[in-house]
There are 2 protein chains.
Amino acid sequence: MLDQPTRNRRAEQRSRTRAEIIDAAWEIARESGLAGITLRDVAARVGMRAPSLYSYFDSKNAIYDAMFAEGARDFLAGVEALTPTGDPLTDLKNGMRFYVDFATADPVRYQLLFQRTIPGFEPSPESYAPAVKALEIARAELSRLGISDPGALDLFTALGAGLISQQFANEPGGDRWTRLVDPATEMFYAYVLPARDQGNRRERRQ
Amino acid sequence: MLDQPTRNRRAEQRSRTRAEIIDAAWEIARESGLAGITLRDVAARVGMRAPSLYSYFDSKNAIYDAMFAEGARDFLAGVEALTPTGDPLTDLKNGMRFYVDFATADPVRYQLLFQRTIPGFEPSPESYAPAVKALEIARAELSRLGISDPGALDLFTALGAGLISQQFANEPGGDRWTRLVDPATEMFYAYVLPARDQGNRRERRQ
DNA sequence: GTCTATATTTGGATAGAC
DNA sequence: GTCTATCCAAATATAGAC
């Protein structure tokens, strides 16, 4: 009998080609928007014809799903790389800064991951899992900093999302809103601080 | 000679039909999204065939433009209907509440007016004018309340946009974020208040 | 003004040869 | 695995009869 080779060169080549296809799709999305991806264009960019893509992906949505999975993995990796300094305000700033930078670094990726914009596309549970894990880490970290009130947590995420939303809608490519990460975090911290130091200052009953 | 009739019945009928078409387009957009509007569907809903729409609008984008104009007029009317109470915090709350309510009352309208989501569509200057006027009124009103620092103004609009963005993305139809209008406004007000009462506390030089 | 018929384009997906 | 050829569907827009 012949020994099995320890590496499967065929499988490796296949996954390289899959990665190439995904990269081409990202490129097109950055130029023409997420909805502007067409199989013809993707194929052309990797030197193929459209039908050949079906040897690597079952459908166009399967390509979106692979893109989503990649983006979610990157987001999770970034969140896990955040190391607490011990100073709550600094940690909050670092967290919001990471989120805003992640969005501005690749608006199309942000759109795919955090907004529901592609009609008919829903990420598969496997692709979604890293995103869930990342958000859970963020929640736990805020809780560790003493921010466990759900309303306060929602306010914090809204603040980040708002800076990004306004930046993208009104001045894409600029920093008029994203440069407000520090003041925004300070505003938030000053607001939740009294509740932490003086007990439940605000209403808990409702 | 015959006198001209004071009313042009033909023109009135025509503008009634145009309004019907716009209404049908809104209905479809609320069901299938802005991009889901097709001339076939719009026509069917007003009892026509698609080509007949071209007697009323030059193109599909002309329909989007008329929708944009209507939405912008409604927004302006709402902003003009806001009457200051004299209490700055109350006025700020009312302003943000109006903005959030306007968005949640018709997410698709919000999307058309305040985000750039339809590829290839740009509102005409005439349609855009009311929106510009409304934002100018809002800016002047905040300035009257003592908030003239551009950064603070941007922070305030980001706060409203953030509540809406999170609400739409994570819990469409709910109120987990939009019910935070009052706390958010209080947080903001507490942040800008010291600057107003004690002079320029925060950095102005940068 | 409205219709039928049609042009034109586009894009996802499949069949089958090589 | 990749190709050509093709299918199928959808959508905007136009031509021309009535």
Side-chain angles (χ1 to χ4, degrees), chain A residues 8-29 31-68 108 112 117-124, chain B residues 8-29 31-68 108 112 117-124:
Chain A
N8 187 337
R9 308 190 76 90
R10 222 175 234 104
E12 282 175 17
Q13 176 55 37
R14 181 183 168 76
S15 104
R16 257 195 302 276
T17 303
R18 276 179 61 102
E20 248 189 274
I21 291 168
I22 298 299
D23 287 349
W26 280 121
E27 282 179 27
I28 293 167
E31 291 166 15
S32 317
L34 272 180
I37 296 175
T38 72
L39 297 186
R40 276 166 174 70
D41 290 349
V42 173
R45 207 165 287 224
V46 296
M48 286 180 184
R49 302 291 189 159
S52 305
L53 297 177
Y54 284 87
S55 297
Y56 298 94
F57 294 94
D58 287 342
S59 68
K60 187 184 182 182
N61 273 354
I63 295 180
Y64 280 128
D65 196 58
M67 295 168 75
F68 187 101
V108 157
L112 178 64
T117 179
I118 303 289
F121 167 66
E122 205 68 31
S124 65
Chain B
N8 187 335
R9 303 191 79 90
R10 220 174 235 107
E12 281 175 16
Q13 177 55 36
R14 182 182 167 78
S15 103
R16 256 194 303 275
T17 303
R18 277 180 59 104
E20 247 187 277
I21 292 168
I22 297 299
D23 288 349
W26 280 120
E27 281 179 29
I28 293 167
E31 292 165 17
S32 317
L34 271 180
I37 296 174
T38 73
L39 298 187
R40 275 167 171 62
D41 291 348
V42 173
R45 205 165 290 224
V46 297
M48 285 181 185
R49 301 291 190 158
S52 304
L53 296 178
Y54 285 86
S55 297
Y56 298 93
F57 293 96
D58 287 342
S59 69
K60 187 185 184 182
N61 273 354
I63 295 180
Y64 280 128
D65 197 58
M67 295 168 76
F68 187 101
V108 158
L112 178 64
T117 177
I118 305 290
F121 167 66
E122 204 68 30
S124 64

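The sequence lines fix the lettering, A, B, ..., with proteins before strands; numbering per chain opens at 1. Being a predicted model, the structure only gives us computed values, none of them experimental.
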Exercise. If you look at every strand shown and take non-hydrogen atoms under 4.0 Å, does A:Gly47 touch a base, only sugar-phosphate, or nothing?
Worked result: sugar-phosphate
Exercise. Does B:Ile28 offer a backbone N or O that forms a donor-acceptor pair with the side chain of B:Asp41 under 3.5 Å?
Worked result: no
Exercise. Once you round it to whole Å, what is the distance between P of D:dG1 and CZ of A:Arg9?
Worked result: 16 Å
Exercise. Crowded around A:Arg16 CZ? As in, over 12 foreign heavy atoms under 6.0 Å?
Worked result: yes
Exercise. So, the side chain of A:Arg18 versus the backbone of A:Tyr56: is there a donor-acceptor pair under 3.5 Å, distance only?
Worked result: yes
Exercise. Using a cut-off of less than 4.0 Å, is there contact between a side-chain N or O of A:Ser52 and OP1 or OP2 of D:dC3?
Worked result: yes
Exercise. How many Å lie between OH on B:Tyr54 and C1' on C:dA5, as a whole number?
Worked result: 15 Å
For this session: Tell me what B:Tyr56 touches on the nucleic acid: a base, only sugar-phosphate, or nothing, going by heavy atoms under 4.0 Å.
Result: sugar-phosphate
Seminar exercise, completed: note: B:Lys60, atom NZ; C:dT10, atom P; distance rounded to Å ~ 15 Å
For this session: On DNA chain C, check which nucleotide each of B:Pro51 and B:Arg10 is closest to and give me the residue with the more 5' one.
Result: B:Arg10
Problem set entry | Sugar-phosphate, base or nothing in reach of A:Ile37, heavy atoms under 4.0 Å | sugar-phosphate
For this session: Provide, to the nearest angstrom, the distance between the CD atom belonging to A:Gln13 and the P atom belonging to D:dG1.
Result: 9 Å
Exercise. Base, sugar-phosphate alone, or nothing: which one does B:Thr38 contact when heavy atoms must sit under 4.0 Å apart?
Worked result: sugar-phosphate
Seminar exercise, completed: Between CD1 of B:Ile28 and P of D:dA11 the distance, given in whole Å, is 11 Å
Problem set entry | Phosphate contact (C:dG12 OP1 or OP2) by A:Arg40 side-chain N/O below 4.0 Å | no
For this session: Give B:Arg14 one of three labels, base, sugar-phosphate or nothing, depending on what nucleic acid heavy atoms sit under 4.0 Å from its own.
Result: sugar-phosphate
Exercise. Going by an N to O cut-off under 4.0 Å, is there a salt bridge joining B:Glu31 and B:Arg45?
Worked result: yes
Exercise. Between A:Arg49 (CZ) and C:dT10 (P), how many Å, whole number?
Worked result: 16 Å
Seminar exercise, completed: B:Phe121 atom CZ is separated from D:dT12 atom P, nearest whole Å, by 15 Å
Problem set entry | Side chain proximity check, A:Ile22 to A:Trp26, heavy atoms < 4.5 angstrom | yes
Exercise. Looking across every strand, which nucleic acid part, if any, lies under 4.0 Å from B:Leu53 by heavy atom: base, sugar-phosphate, or nothing?
Worked result: nothing
For this session: To the nearest Å, give me how far apart CG (A:Leu39) and C1' (C:dA13) are.
Result: 9 Å
